[in-house]
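See structure below.
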Amino acid sequence: MGSTEAVSKPVMHDEDDDDNKPLVFKKSFVKDGDQSHRKPFDINGDSEDGRPLRSIISMTQEQEINGNTTLDESDDDEAPISSRLQKKKHVSEKPKVSGKRLVEKDSYEDQSSMKKHKASSSTAKQDSMNLGEKRKAVVSPNDTDDEDDDDVPIAKRIKADSSSNNKTPPTKPKVTKQSSTASSKKLKVTRVASPPPKKRSKRSRKDSEYAQWTTLVHNGVTFPPTYQPHGTKIFYKGKPVSLSPEQEEVATMFAVMRETDYYNKPIFRKNFWNDWRKLLGKKHVIQKLDDCDFTPIYEWHLEKKQKNKDSKEKKPEQGEKYMWAIVDGVKEKIGNSMVEPPGLFRGRGEHPKMGKFKRRIHPHDVTLNIGKDAPIPECPIPGERWKEIKHDNTVIWIASWNDPINPKRDKYINLGDSSSQKGQSDKKKYEKARKLKDHIESIRETYTKNFTSKDVSKRQIAVATYLIDKLALRAGNDKDDDEADTVGCCTLKVDNVECIHPNQLKFDFLGKDSIRYENTVEVESPVYKAIGQFKAGKSNSDDLFDEIDASKLNDHLKELMPGLTAKVFRTYNASITLDKTLRRETKDGGDVNQKKVVYDQANKEVAIICNHQRTVSKSHGAQVKKLKDKIDELKEGLKQLRTNLKRAKKGEAPLEGSDGKKTRNITPEAWEKKIAQQKMKAEKMERDMQTKEDLKTVALGTSKINYMDPRITVAWCKRNEVPIEKMFTKALREKFTWAMDVEPDFRF
DNA sequence: CTCTCGACTTGCGGTGATTACC
DNA sequence: GGTAATCACCGCAAGTCGAGAG
């Protein structure tokens, strides 16, 4: 992005070129058009509450952690010492323990867990036990890699164990989890030394430089069934046309999307036509998409769908053997074991490639990653073979192939969220965010100081960091112009931010997934001023931060705290907000449902900070109306009840009460009770309606899955006697097994 | 540096499963 | 007992971020 030189004049926008003006234009249309149905969040409203920033400051006292303190101490080993500003700000009250490892910097591990470990975890069952003991023992040499074994996936520990004591026959480690019927047996596992891969694996986030597994056994991946032609003709200018199976397959993909928004988008149609035409050939009767009538295929599709439904669940459930991998002797679930099927590309927002045909993936497209000594999975398509087999134990993927739509990217088959290695890295993510707590104060001081730096780059870094911290914006990496035109912090354009005198900034841009971010906030005046300067002399589509980009920003952040990057602020702000809000709002007493309301409210706050949206359901309006009617009805009934109460007090019989005789001799007290009940009911409905309305565009799930440290939730449940099942679905509980044994007094 | 690549995380919408509602 | 609203899970697009090539 921005070349360093340029600066003031709009003249050079080298980058602009890349960006391609047209896209820019496009984007602005989108804003109003497509996104119109989304209700913009108004973080502003809650200002103080809404934003994490303020709240945090007070945090020092909490430092004294409880038993769990441990984590924090990890040292900041990493960073160049010098760089680390480390201002001694508060405290060092915490015993800076460790010191032991100098190796990995990135280990924000938590040894505490190591000790007591198993407390409650539900599902973990025996696994954990084993581990419990084994783990300490294992200090195996090669573990140097990651921190303490604590964080090491269980599996790894076990294996390490065995290997080091070499008492176990290398050949077949036993599977710890339930054994998979089919597959596990045939998979013979052999332990491998785990030499760092040849190719200099990328991702050397200090720890990944090392092996992530020692043995990896699986059965490869499966492929979607071959296309079964249905023979339905389409009409071209009113005349039936038959298609070859290949032509028909793609035509069907298109026909089936008739009811989607894509169907009528010009770009979608153009891209589809372009690819379909290649299959038809230039001389085909069909010369124009608009003259095609796909109705017969669409109807065939509807029929088939109906038939499927009627024919009572017959889920093939095939491929059980492809759903698991044995990683270091532990059976782990694989995310999705089938490669992506062919289809028409559905990009989000105004994606320039929407509608393109995404071709079928074949075995010769697929690279498998398995242990050195693991048997090579048989190729499920007779007569074909895998593209490549690799044995890279610094990565955790099972299979990969190049994405036909965007050849610059690869697609992967990974282990599932419930796997130990996913869990471990999740934990690491939260520990890093938690560590930011110790640095946030000085980071804020630093950027505040730099708001007025004479050095433009420095000033831009400072302001960008401020926005990322205060508004939880994403970093904003540069994008190609064959992608939807969206931005993040570092790629904000001049017209995405409006200065509103005297000190407000109005943001309006399309972020990830083309979700609109619209928010007006008050900022400190140096920031306001700086933004004004950054905008000065540029045109609307120029970069607001022309001197920096996401990687420069991250380079800077890393000097402030080892391992710190822009995304950590999102995690940090989400988690700290959840923890604080829960502590502030949770009342003693109250039943589980009331507690849950408090939690959901906190969750909502986080979702708003992160701008996690969803489209309003089609029937939302109708549903609200229905509720409203019901409420009115209740209120009407209430009136009648009151009349009857009055009459009862006077000894008169109730008015046209529904059940004439039954209500005859109801006492006034009983009437009062009825009234109270009805009233509560109506009020509750009103509240429900309100929250429904409030949550209309807010998605709670994303923050729960990706941003809020699950230990906060688990600890809160323990403190408040709320069953964890109320808060986490089964999938989530499995994903978060690593967090289940947290102490009730855990603080983020 | 900048650009591309590689791998892993995040995020939305669709859809099947489940529960709520006549 | 059928249907509609809700929930949970899945699929895959789209970010982030480190590193190596040019």
Side-chain angles (χ1 to χ4, degrees), chain A residues 1-4 14-15 18 38 199-206 208-209 212 260-261 305 308-309 313 315 335-336 338-341 343 345-349 351 353-354 358 369 392 394-397 400 402-403 405-417 421-422 425-426 429 474-480 483-484 486-491 511-515 549-555 557-558 563-568 570-571 574 607 610-615 617-620 622-623 626-627 630 692 699-707 728-732 734-735:
Chain A
M1 278 258 128
S3 55
T4 35
D14 44 291
E15 149 137 9
D18 302 325
R38 293 174 185 282
K199 298 243 194 136
R200 183 74 295 213
S201 97
K202 35 297 143 181
R203 204 150 249 290
S204 56
R205 232 236 241 100
K206 359 288 358 276
S208 327
E209 237 175 71
Q212 304 209 46
T260 70
D261 289 349
K305 210 159 119 193
N308 286 345
K309 201 179 284 180
E313 301 320 323
K315 253 283 184 58
N336 48 18
M338 192 177 286
V339 303
E340 293 175 14
F345 178 69
R346 293 150 107 107
R348 314 273 173 84
H351 196 116
K353 292 185 174 178
M354 66 167 77
K358 185 170 74 167
N369 191 35
D392 184 349
T394 67
V395 299
I396 48 86
W397 51 265
S400 72
N402 191 248
D403 179 6
I405 291 295
N406 188 345
K408 287 206 187 68
R409 304 178 69 94
D410 287 344
K411 297 280 196 160
Y412 299 87
I413 300 278
N414 283 298
L415 295 177
D417 282 350
Q421 23 286 114
K422 285 276 192 195
S425 85
D426 215 23
K429 170 185 77 184
R474 296 187 184 81
N477 285 287
D478 296 339
K479 299 189 71 183
D480 283 346
E483 303 176 272
T486 63
V487 302
C489 184
C490 294
T491 44
K512 183 178 179 182
D513 291 311
S514 294
I515 296 296
D549 61 24
S551 89
K552 289 191 183 86
L553 180 79
N554 282 334
D555 286 349
L557 294 178
K558 248 171 295 299
L564 184 61
T565 62
K567 77 196 267 286
V568 179
R570 274 169 78 81
T571 311
C610 295
N611 198 36
H612 291 145
Q613 298 189 233
R614 59 174 183 168
T615 52
S617 86
K618 224 179 297 185
S619 54
H620 178 81
Q623 291 170 215
K626 211 147 130 193
L627 273 180
K630 212 169 263 175
K692 192 188 183 92
L700 300 186
T702 305
S703 49
K704 212 175 196 174
I705 294 169
N706 299 301
Y707 287 102
F728 288 156
T729 64
K730 179 154 84 64
L732 243 29
E734 279 167 11
K735 172 179 163 105

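Source: prediction; values computed, not measured. Chain identifiers are assigned alphabetically (A, B, ...) following the order of the sequence lines, protein sequences preceding nucleic acid strands; residue numbering begins at 1 within each chain.
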So, the side chain of [X] versus the backbone of [Y]: is there a donor-acceptor pair under 3.5 Å, distance only?
| X | Y | result |
| --- | --- | --- |
| Asn402(A) | Arg409(A) | yes |
| Asn369(A) | Asp392(A) | yes |
| Ser619(A) | Ala622(A) | no |
| Lys735(A) | Gly416(A) | no |
| Asp410(A) | Asp403(A) | no |

Under the side chain to side chain contact (heavy atoms under 4.5 Å, CB included) rule, what do Asp480(A) and Lys408(A) come out as? Steps first, then yes or no, please.
CA-CA 11 Å; Asp480(A) 283 346; Lys408(A) 287 206 187 68; 3.3 Å; yes
[X] near the nucleic acid: base, sugar-phosphate alone, or nothing, with a heavy-atom cut-off under 4.0 Å?
| X | result |
| --- | --- |
| Asn477(A) | base |
| Ser551(A) | nothing |
| Lys305(A) | nothing |
| Lys353(A) | nothing |
| Arg474(A) | sugar-phosphate |
| Gly701(A) | nothing |
| Lys735(A) | nothing |

What's the verdict on side chain to side chain contact (heavy atoms under 4.5 Å, CB included) for Gln613(A) and Asn611(A), showing C-alpha distance, side-chain angles and the deciding distance?
CA-CA 6 Å; Gln613(A) 298 189 233; Asn611(A) 198 36; 3.1 Å; yes
Where the side chain of [X] is defined as all heavy atoms beyond and including C-beta, which of [options] is the nearest nucleotide?
| X | options | value |
| --- | --- | --- |
| Lys422(A) | dT9(B), dG18(C), dT16(C) | dT9(B) |
| Lys429(A) | dA7(B), dA13(C), dT9(B) | dT9(B) |
| Lys558(A) | dG11(B), dG15(C), dG18(C) | dG18(C) |
| Lys626(A) | dT16(C), dA5(C), dT10(B) | dA5(C) |
| Tyr707(A) | dT10(B), dT16(C), dC8(B) | dT10(B) |
| Thr571(A) | dA13(C), dG13(B), dT10(B) | dT10(B) |
| Ala566(A) | dA14(C), dA13(C), dC17(C) | dC17(C) |
| Phe345(A) | dG18(C), dC8(B), dA13(C) | dA13(C) |

Over how many whole Å does the gap from [X] atom [atom1] to [N] atom [atom2] extend?
| X | N | atom1 | atom2 | answer |
| --- | --- | --- | --- | --- |
| Asp403(A) | dC12(C) | CG | C1' | 10 Å |
| Ile515(A) | dA13(C) | CD1 | C1' | 12 Å |
| Asp417(A) | dT10(B) | CG | C1' | 11 Å |
| Arg570(A) | dT9(B) | CZ | P | 16 Å |
| Asp513(A) | dG14(B) | CG | P | 13 Å |
| Lys411(A) | dC5(B) | NZ | P | 16 Å |
| Asn406(A) | dC12(C) | CG | C1' | 13 Å |
| Asp478(A) | dT2(B) | CG | P | 9 Å |

So, does [X] get its side chain near the phosphate of [N], meaning an N or O under 4.0 Å from OP1 or OP2?
| X | N | result |
| --- | --- | --- |
| His351(A) | dA14(C) | yes |
| Thr565(A) | dT16(C) | no |
| Lys552(A) | dT2(B) | yes |
| Lys618(A) | dG13(B) | no |
| Thr486(A) | dG15(C) | yes |

Earlier contact from the 5' end, DNA chain B, for Pro407(A) and Ile396(A)
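On the 5' side of the pair lies Pro407(A).
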Judged by each residue's nearest nucleotide on DNA chain B, which is more toward the 5′ side, Arg346(A) or Lys408(A)?
Lys408(A)
So, are Lys552(A) and Asp555(A) salt-bridged, with charged N and O less than 4.0 Å apart?
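No salt bridge links Lys552(A) with Asp555(A).
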Base of [N], side chain of [X] - is there a donor-acceptor contact under 3.5 Å?
| X | N | result |
| --- | --- | --- |
| Arg614(A) | dC12(B) | no |
| Lys567(A) | dT9(B) | no |
| Arg409(A) | dG15(C) | yes |

Under the side chain to side chain contact (heavy atoms under 4.5 Å, CB included) test, residues paired with Arg474(A) that sit two or more places apart:
Lys512(A), Arg570(A)
Quick check: on DNA chain C, is the nucleotide nearest Pro341(A) upstream (toward 5') of the one nearest Gly488(A), or the reverse? Name the residue that is more 5'.
Pro341(A)
Nearest-nucleotide comparison on DNA chain C, the residue closer to the 5′ end among Asp555(A) and Glu340(A)
Glu340(A)
Show your reasoning for whether side chain to side chain contact (heavy atoms under 4.5 Å, CB included) applies to Lys411(A) and Val339(A).
CA-CA 9 Å; Lys411(A) 297 280 196 160; Val339(A) 303; over 6 Å; no
Could I get a table of every N or O pair under 3.5 Å where one atom is in the protein and the other is in nucleotides 6-10 of chain C?
from   : atom 1 : to        : atom 2 : distance (Å)
dT6(C) : OP1    : Lys692(A) : NZ     : 3.0
dT6(C) : OP2    : Gln623(A) : NE2    : 2.9
dC9(C) : OP1    : Ala731(A) : N      : 3.3
dC9(C) : OP2    : Thr729(A) : OG1    : 2.6

